[in-house]
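What follows is a short report on a single structure.
Quantities reported herein were computed from a predicted structural model and do not represent experimental measurements.
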Amino acid sequence: MKSLRDVSRFHGHMCPGLALGYRVSEFALRKLGTRAKDEEIVAVVENDSCAVDAIQVMTGCTFGKGNLIFKDYGKQVYTFIQRGIRKPKVNALRISVKWQSPEETPIETSMWQRYMKGQRTPVVLKAVHKRKSKKINAILNAKDRELFDVRVKKIKPPLEAHIWVSIPCSVCGEKVMETRARIKEGKVMCIPCLERDR
């Protein structure tokens, strides 16, 4: 299994969102089995937060393999589906994050507001780092039941990744996947050229 250090190295820094993604992935892998070597596990993520980087590293689910599916719902919800199991009673977990951040002191709140307004003084940066570390430690040390609600499900796995033909846009000449190409007045166009042409 990949480590928290692997996750942090991939993402570029450690943060609370990454810690949540690490814990979600760790839980899912404990229940569903080992990390995907290829496309054995599918992750459906309902946000594009830091947590998704942890999910990619931990589970082996990626956009390129077609087993990381992004639904832009803005929710801290992650569904993991096992593929290739014959008639399972359960092949999926839907994990909804319910974790509440520890209460902040007025000073922590004030320093965070100053940071969000662009202040990067040593005092502000130190306070923000301490605040972030407090949240990360709380996430890493929490019990599973404190972090998330889990629903066990039976789901038909999404189809495996499909390779589509690319065709040239008649305006810019760049290749576009045929399923994303648009036709206007008999011309094949990519979406950006179609939108510019309106």
Side-chain angles (χ1 to χ4, degrees), residues 1-82 92-105 107-120 122-151:
M1 188 185 298
K2 297 288 185 175
S3 70
L4 189 57
R5 183 173 294 191
D6 295 323
V7 167
S8 179
R9 192 179 298 123
F10 176 79
H11 185 64
H13 64 264
M14 191 62 208
C15 61
L18 202 66
L20 275 172
Y22 174 79
R23 287 295 306 274
V24 164
S25 302
E26 190 182 48
F27 180 85
L29 291 175
R30 264 196 334 263
K31 301 296 179 186
L32 294 179
T34 59
R35 182 179 193 271
K37 290 182 180 134
D38 194 14
E39 298 176 33
E40 305 89 349
I41 296 175
V42 176
V44 180
V45 300
E46 298 186 19
N47 67 75
D48 59 355
S49 71
C50 302
V52 179
D53 277 357
I55 288 166
Q56 289 181 88
V57 173
M58 293 293 289
T59 66
C61 297
T62 66
F63 283 120
K65 287 191 291 189
N67 63 340
L68 178 64
I69 298 168
F70 170 54
K71 297 194 175 191
D72 194 6
Y73 299 155
K75 296 173 70 174
Q76 286 276 6
V77 175
Y78 310 92
T79 302
F80 299 90
I81 308 160
Q82 267 185 325
L93 298 173
R94 184 178 188 275
I95 303 172
S96 171
V97 174
K98 67 177 183 181
W99 180 76
Q100 293 293 319
S101 182
E103 264 192 60
E104 294 187 351
T105 66
I107 291 173
E108 286 173 326
T109 302
S110 167
M111 290 295 185
W112 179 247
Q113 288 169 350
R114 287 171 61 183
Y115 178 81
M116 293 305 290
K117 289 177 183 171
Q119 293 184 29
R120 300 295 189 267
V123 171
V124 170
L125 289 175
K126 184 178 179 183
V128 167
H129 178 72
K130 188 176 175 184
R131 175 184 182 266
K132 186 163 66 167
S133 294
K134 179 176 157 183
K135 288 184 177 188
I136 291 166
N137 287 330
I139 291 164
L140 294 176
N141 293 311
K143 291 180 169 47
D144 291 338
R145 67 177 179 271
E146 297 169 328
L147 288 177
F148 24 74
D149 285 322
V150 180
R151 283 195 224 152

Atom [atom1] of [X] with >12 non-hydrogen neighbours under 6.0 angstrom:
| X | atom1 | value |
| --- | --- | --- |
| His13 | NE2 | yes |
| Arg120 | CZ | yes |
| Lys98 | NZ | yes |
| Arg30 | CZ | yes |

After noting the C-alpha distance and the side-chain angles of Ile136 and Leu18, does the key distance pass the side chain to side chain contact (heavy atoms under 4.5 Å, CB included) rule?
-> CA-CA 9 Å; Ile136 291 166; Leu18 202 66; over 6 Å; no
Does the [X] side chain pair with the main chain of [Y], one donor and one acceptor, at a distance under 3.5 Å?
| X | Y | result |
| --- | --- | --- |
| Asp6 | Lys2 | no |
| Gln82 | Leu32 | yes |
| Asn47 | Lys75 | yes |
| Gln113 | Ser110 | no |
| Lys65 | Gly60 | yes |
| Arg94 | Phe80 | no |
| Gln119 | Met116 | no |
| Asp149 | Ser96 | no |
| Thr59 | Ile55 | yes |
| Arg23 | Leu147 | no |

Report the C-alpha separation of Val44 and Tyr78 in whole Å, then their side-chain angles, then the decisive distance to 0.1 Å, and conclude whether the side chain to side chain contact (heavy atoms under 4.5 Å, CB included) test is met.
-> CA-CA 6 Å; Val44 180; Tyr78 310 92; over 6 Å; no
May I ask you to say whether Glu104 pairs ionically with Lys134, meaning some side-chain N is under 4.0 Å from a carboxylate O?
->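 So Glu104 does not pair with Lys134 through a salt bridge.
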Can you tell me how far apart [atom1] ([X]) and [atom2] ([Y]) are? Round to the nearest 0.5 Å.
| X | Y | atom1 | atom2 | value |
| --- | --- | --- | --- | --- |
| Phe148 | Trp99 | CZ | CH2 | 12.5 Å |
| Lys132 | Lys135 | NZ | NZ | 11.0 Å |
| Lys130 | Ile107 | NZ | CD1 | 9.0 Å |
| Asp144 | Glu146 | CG | CD | 9.0 Å |
| Lys71 | Asp48 | NZ | CG | 15.5 Å |

Using distance alone, with no hydrogens and no angle criterion, decide if Thr62 and Gln56 have a side-chain donor and acceptor under 3.5 Å apart.
->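 Looking only at side-chain atoms, Gln56 and Thr62 do not form any donor-acceptor pair under 3.5 Å.
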Quick check: do [X] and [Y] have side-chain heavy atoms less than 4.5 Å from each other?
| X | Y | result |
| --- | --- | --- |
| Val45 | Val77 | no |
| Leu4 | Met14 | yes |
| Ile139 | Pro16 | yes |
| Val42 | Leu68 | no |
| Tyr115 | Leu125 | yes |

State, to 0.1 Å, how close [X] and [Y] come at their nearest heavy-atom pair, and which atoms those are.
| X | Y | result |
| --- | --- | --- |
| Pro102 | Ala138 | CG-CB, 4.0 Å |
| Ser25 | Met58 | CB-CB, 3.3 Å |
| Val150 | Ile95 | CG2-CG1, 4.3 Å |
| Ala54 | Gly21 | CB-C, 3.5 Å |

Evaluate the side chain to side chain contact (heavy atoms under 4.5 Å, CB included) criterion for residues Ile69 and Thr79: first the C-alpha distance (whole Å), next the side-chain angles of each, then the deciding distance (0.1 Å), finally the verdict.
-> CA-CA 10 Å; Ile69 298 168; Thr79 302; over 6 Å; no
Side chain to side chain contact (heavy atoms under 4.5 Å, CB included) between Val123 and Met111, worked out | CA-CA 9 Å; Val123 171; Met111 290 295 185; 3.5 Å; yes
